[in-house]
Amino acid sequence: MNIKFPIKYGNQTVTKEMFLETLNYIICFIENHFDCNLEIYRNALSVFKSMIKATNGINDRRPDKELCKQAFDVLEEIENFNADEKTKRQNREKCAWCKLMIEKFY
């Protein structure tokens with residue numbers, strides 16, 4: 001995976017640092033709010049950790065489509081997570097960036 005930063009997303013410009021921060025946020029959110037012993041969350045974490053490696057230029061095996069689908073499903077759960085409006089807005093934005101990267105580069 002070869003991502004060239006910055007990336008235009010709507011009216012925003014996403015830098016490498018912003019994207020790494022987003023991935024770390026998503027990983028921490030999953031670890032703090034979901035049961036990581038369940039396969040779907042373990043698989044999603046592996047996709048996001050693989051994305052961090054790829055963003056940092058480390059060659060890693062790309063997750064297959066099924067793992068990416070599970071990551072998408074977990075992002076949907078995060079977007080729909082019951083939280084205050086500020087957190088919901090933040091979750092929607094960060095999940096949208098992750099979905100874009102999965103679609104674009106995986």
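Values in this document were obtained by computation on a predicted structure and should not be read as measured data.
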Original post:
Could you give the distance from CD1 (Ile102) to CH2 (Trp97), rounded to the nearest 0.5 Å?
Top reply: 15.0 Å
Original post:
What are the two closest non-hydrogen atoms of Arg61 and Ser50, and how far apart are they?
Top reply: O-OG, 3.7 Å
What pairs of donor and acceptor atoms, side-chain ones from residues 33-40 against any protein atom, are under 3.5 angstrom apart with sequence neighbours left out?
from	atom 1	to	atom 2	distance (Å)
His33	ND1	Phe29	O	3.0
Asp35	OD1	Asn37	N	2.9
Asp35	OD1	Asn37	ND2	3.4

Subject >> Beyond-backbone contact of Met18 with Phe5, side-chain heavy atoms, under 4.5 angstrom >> reply: no
**OP:** Starting at CG of Leu75, measure out to SG of Cys98 and round the result to the nearest 0.5 Å.
**Re:** 5.5 Å
Subject >> Lys86: partners by side chain to side chain donor-acceptor pair (under 3.5 Å), with sequence neighbours left out >> reply: none
Subject >> Point-to-point distance, once rounded to the nearest 0.5 Å, from CG of Asn32 to CD1 of Ile27 >> reply: 12.0 Å
Original post:
Who passes side-chain contact (heavy atoms from CB on, under 4.5 Å) against Glu21, sequence neighbours left out?
Top reply: Lys94
Subject >> With Tyr41, the side chain to side chain donor-acceptor pair (under 3.5 Å) member among Glu77, Gln70, Glu31 >> reply: Glu77
Original post:
Taking only residues two or more places apart in sequence, or in another chain, which ones meet Glu79 in a salt bridge (charged side-chain N to carboxylate O under 4.0 Å, His left out)?
Top reply: Lys99
Subject >> Contacts of type side-chain contact (heavy atoms from CB on, under 4.5 Å), residue Thr87, not counting sequence neighbours >> reply: Tyr25, Ala83, Asp84, Asn91
Original post:
Side-chain contact, heavy-atom cut-off 4.5 Å: Asn24 with Ile52?
Top reply: yes
Original post:
To the nearest 0.5 Å, how far apart are OG1 in Thr55 and CE in Met51?
Top reply: 6.5 Å
Subject >> Qualifying residues under side chain to side chain donor-acceptor pair (under 3.5 Å), relative to Thr15, sequence neighbours excluded >> reply: none
Subject >> Residues Met101, Ile7; criterion side chain to side chain contact (heavy atoms under 4.5 Å, CB included); working and verdict >> reply: CA-CA 10 Å; Met101 298 303 266; Ile7 295 172; 3.5 Å; yes
Original post:
Quick one: salt bridge (charged side-chain N to carboxylate O under 4.0 Å, His left out) partners of Lys49, sequence neighbours excluded?
Top reply: none
Original post:
What pairs with Asp64 under side-chain contact (heavy atoms from CB on, under 4.5 Å), at least two apart in sequence or on another chain?
Top reply: Glu66, Leu67
Original post:
Are Asn56 and Leu20 side-chain neighbours, meaning at least one heavy-atom pair lies under 4.5 Å?
Top reply: yes
Original post:
Of all residues at least two apart in sequence or in a different chain, which pass the side chain to side chain donor-acceptor pair (under 3.5 Å) check with Glu93?
Top reply: Gln12
Original post:
How many angstroms lie between SG in Cys28 and CG in Leu45, if you round to the nearest 0.5 Å?
Top reply: 10.0 Å
